[in-house]
Amino acid sequence: MQPAPEHSESELLQFRRAKLDELQKRGIAAFGGKFEVSHDPGTLRKNFVEGIDVRVAGRILSRREMGKATFFDIGDITGRIQCYLSKSDVSEEDYALFIHQIDIGDFVGVTGQSFVTKKGEPSIHVKVLTPLSKALRPLPDKWHGVTDREIKYRQRYLDLISNDRSREIFVTRSKMVAEIRNYLHGRDFLEVETPMMQDVPGGAAARPFETHFNALDQKMYLRIAPELYLKRLLVGGFNRVFELNRNFRNEGVSRRHNPEFTMLEAYWAYADFEQMADLVEDMICHLAEKFCGGLIIEHKDEEGAVTKTIDLTRPWKRVSYRELVKGAAGEDWFTLSKEAKVERAHSLGVHEIHAGDEHHELDQKAFEKLVEEKSFNPTFVTHVPKELVPLAKQNVADDSVVDVYELIINGQEISPGYSELNDPIVQRQRLLDQAGEETQKIDEEFLLALEHGMPPAGGIGIGIDRLIMMLTGAESIRDVVLFPQLKRKTES
RNA sequence: GCGCGGGUAGCUCAGCGGUAGAGCAGUUGGCUUUUAACUAAUUGGUCGAGGGUUCGAAUCCCUCCCCGCGCACCA
């Protein structure tokens, strides 16, 4: 891509260009090549050993010039380490080169010895400094970093360079995702990849993104869920299987929604939703203990004050949907007329509710506003009305509800779990009932697979982004997604 | 899509009808254990874009663009 055309290049950029020219004039590779490193900057500082030879590379993040000597910090995603360069160690010419041609923001390699300064700072006494890459633009404010949300998201690299907190979140996310895979592999789940481009977008109720397959001249959709393919694998004999990857939903963006989001789905043959709840509870606690220092998760604001505390101590509450709604909206809620429900909701401060809706929609609205958004500690909501969940088994004792849980933590749904519906005849009818109102196509290939026999199974989905938000205390999904979707920035 | 808030130097922000400001970064110096180093001097702006009101607009009005928050759709 070409750099954006500018009326007149700012002085800042001109100086850096001039420095680049000077380096090249002297035959120094401004954009260097291989540099063998013995340590990463942050790793060296963490496991510091004094008096050893080291070769470390990184970006210059700050510097403190003191005449004939200079301290500077180099760093990367692992952290930073201080370097000390003295005029007496290098030639006058080289020292001047460092002062005048090397900037904060440049990548350099340092060769030298580890030592500790008077003030106790682990440092590298630099003997050779190797320019590795010239930065033609300056870094954000060294103290405040980038705070402009738009720059944070559009130029995430600047956020990562300058904000410790962002760096920590994304490193933690990566480790958590790896640990989730380990956890499932350790329980003999096989990871698979199923189509992201689908002919019939199924497995959830959501508007899909559309695309076109030129070679076949056919409309395709980005998947809204992998569920119907993973169930085909249950039919095929994969008795423990999972997929951890992206879903796409063509809907609004918000603090809790990114149109592409990461979902874990796992299916376990011969299990039921309660066994899946045990699995999820154990897995999330495992992550919290491994990465968050325990089961008490504190969310903090900018100043470090605790704004929210989530207690993951087991066992987690398991309560039926109706009990929760009754507890929040009144014991008589389910006996009320539509109008009475709306009136009751208004009196409880819920105004986004309309008498024109079906009863189950009114119930769901009351649930979302009065229960879900106010539940921070984990709650497995069980016995959910069947209208809301067409792919789960109906309860034997009460066929108006399904054998599922919906796990609520941090005021959001983090994970649903089902006893999966494996009766092809009932499944067809349930899909038809839903398709009627949503005008969705039926995935006949999926039903064909079910007709060949799918073992009874438990299944889960876990919204990974929201899970990471909950565990890291991020307030917005954009703080746990490296490159969140933003509107195209037009010339103006 | 609707409502509210925001967009000023590379970054963080102040200014809110009367000559465009500060800190950091940058530039030129001083300083060989500093760490938001210190210190002297100094450069840097189509005030998001376009239109209007006014003697005069970063500031008031209109339209548009982008970001954030809330609502709606949804996980």
Side-chain angles (χ1 to χ4, degrees), chain A residues 6-16 18-19 61-73 80-89 95 99-100 103-105 115-123 125 135-155 158-159 161-163 203-207 224-225 247-265 351-352 354 364-365 368-369 372 406-408 412-416 461-467 469 475-478 484 486-492:
Chain A
E6 283 164 20
H7 301 281
S8 61
E9 206 169 56
S10 95
E11 191 184 54
L12 244 42
L13 304 189
Q14 286 176 31
F15 275 117
R16 295 214 173 210
K19 290 172 178 182
L61 299 170
S62 64
R63 65 183 193 183
R64 298 168 288 284
E65 284 173 33
M66 307 186 54
K68 295 188 176 62
T70 297
F71 288 93
F72 59 97
D73 294 347
R80 58 167 72 195
I81 182 90
Q82 175 171 271
C83 301
Y84 173 73
L85 180 70
S86 159
K87 204 169 184 173
S88 57
D89 297 327
Y95 191 77
I99 296 297
H100 293 290
D103 285 304
I104 291 175
F115 80 110
V116 179
T117 65
K118 276 184 192 168
K119 296 280 171 64
E121 180 70 25
S123 307
H125 191 138
L136 297 178
R137 289 176 185 273
L139 253 37
D141 190 285
K142 67 178 176 186
W143 187 241
H144 301 96
V146 174
T147 64
D148 184 308
R149 313 285 282 188
E150 196 170 352
I151 298 177
K152 276 171 81 86
Y153 303 147
R154 287 193 201 275
Q155 295 176 275
L158 295 179
D159 182 42
I161 291 167
S162 64
N163 295 97
R207 277 173 58 194
I224 55 177
N247 287 348
F248 306 86
R249 299 191 183 175
N250 203 345
E251 281 153 2
V253 297
S254 79
R255 217 151 53 90
R256 300 182 181 78
H257 301 268
N258 194 52
E260 51 178 316
F261 62 101
T262 302
M263 181 75 122
L264 165 69
E265 285 202 13
H351 299 284
E352 306 88 353
H354 311 287
Q364 177 64 6
K365 184 60 76 177
E368 284 172 8
K369 294 293 166 189
E372 184 171 274
E406 282 181 8
L407 174 60
I408 311 298
Q412 302 179 26
E413 186 183 343
I414 295 275
S415 164
I462 296 183
I464 296 297
D465 311 283
R466 289 181 174 184
L467 177 67
M469 285 170 69
E475 280 180 33
S476 168
I477 195 168
R478 295 179 202 104
L486 295 181
K487 198 158 179 178
R488 174 189 299 133
K489 187 122 184 173
T490 50
E491 291 291 319
S492 68

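- In terms of polar N and O atoms assigned as donor or acceptor, the side chain of A:Gln82 comes within less than 3.5 Å of the base of B:U34 in a complementary pairing.
- Among the atoms of the strands shown, base atoms are found under 4.0 Å from some heavy atom of A:Glu65.
- Distances were taken from every side-chain heavy atom of A:Lys365 (C-beta onward) to each of B:A72, B:C11, B:G68; the shortest belongs to B:A72.
- Taking atom CZ on A:Arg478 and atom P on B:C67, their separation rounds to 9 Å, with Å as the unit.
- A:Thr117 places a side-chain heavy atom less than 4.5 Å from the side chain of A:Phe71.
- No hydrogens or angles were tested; on distance alone, nothing pairs the side chain of A:Tyr84 with the base of B:U34 as donor and acceptor under 3.5 Å.
- Distance A:His144 NE2 to B:A22 P: 17 Å, rounded to the nearest Å.
- The two residues A:Leu136 and A:Leu13 have their closest heavy-atom pair at O-CD2, 3.2 Å.
- At whole-Å resolution of the value, CG in A:Leu85 and P in B:U35 are 18 Å apart.
- Defined by atom type and a distance below 3.5 Å, a donor-acceptor pair is present between the side-chain atoms of A:Arg64 and A:Gln82.
- Between B:A72 and A:Lys369, a contact under 4.0 Å exists linking OP1 or OP2 to a side-chain N or O.
- If you check every strand for non-hydrogen atoms under 4.0 Å, A:Phe15 touches sugar and phosphate atoms only.
- Counting non-hydrogen atoms under 4.0 angstrom, A:Phe248 reaches nothing in the nucleic acid.
- For A:Leu12 and B:U42, the CG to C1' distance is 14 Å, given to the nearest whole Å.
- Residues that satisfy the side chain to side chain contact (heavy atoms under 4.5 Å, CB included) test with A:Leu139, not counting sequence neighbours, are A:Arg59, A:Leu61, A:Ile104, A:Ile161.
- In the set B:C69, B:A25, B:C66, the nucleotide with an atom closest to the side chain of A:Ile104 is B:A25.
- Following rounding to the nearest Å, A:Glu11 (CD) and B:A9 (C1') show an atom-to-atom distance of 11 Å.
- No engagement by A:Ile414 is indicated, since no non-hydrogen atom pair under 4.0 Å with the nucleic acid exists.
- Across the protein-nucleic acid pair, A:Leu158 atom CG and B:C24 atom P stand 21 Å apart, rounded to whole Å.
- In this structure, A:Arg249 reaches the bases: a heavy-atom distance under 4.0 Å links it to at least one base atom across the strands shown.
- A donor-acceptor contact under 3.5 Å is not formed by the side chain of A:Ser62 with the base of B:U35.
- Residues A:Phe261 and A:Phe248 are not in side-chain contact: their nearest non-hydrogen atoms beyond the backbone lie 4.5 Å or more apart.
- For the pair A:Lys152 and B:G68, the criterion of a side-chain N or O lying under 4.0 Å from OP1 or OP2 is not met.
- The phosphate of B:U43 (OP1 or OP2) has no side-chain N or O of A:Ser10 nearer than 4.0 angstrom.
- Of all heavy-atom pairs spanning A:Glu251 and A:Arg207, the tightest one is OE2-N, 2.9 Å.
- When rounded to the nearest whole Å, the span between CD of A:Glu150 and P of B:C65 equals 14 Å.
- Spacing between atom CZ of A:Arg488 and atom P of B:C66 amounts to 10 Å, rounded to whole angstrom units.
- Using a 4.0 Å heavy-atom criterion, one finds that A:Gly463 contacts no nucleic acid atom at all.
- In the set B:C31, B:G26, B:G10, the nucleotide with an atom closest to the side chain of A:Met66 is B:C31.
- Checked by distance alone, A:Asp141 brings a side-chain donor or acceptor within 3.5 Å of a matching partner on the base of B:G23.
- Here the nucleotide nearest the side chain of A:Ser123, chosen from B:U34, B:U33, B:A72, is B:U34.
- Here A:His125 lies out of heavy-atom contact (under 4.0 Å) with every strand.
- Of the side-chain N and O atoms in A:Lys119, none sit less than 4.0 angstrom from OP1 or OP2 of B:U33.
- Between A:Arg64 and B:A37 there is a side-chain N or O to OP1 or OP2 distance below 4.0 Å.
- Regarding contacts with the backbone of B:A25, a side-chain N or O of A:Lys142 is found under 4.0 angstrom from either OP1 or OP2.
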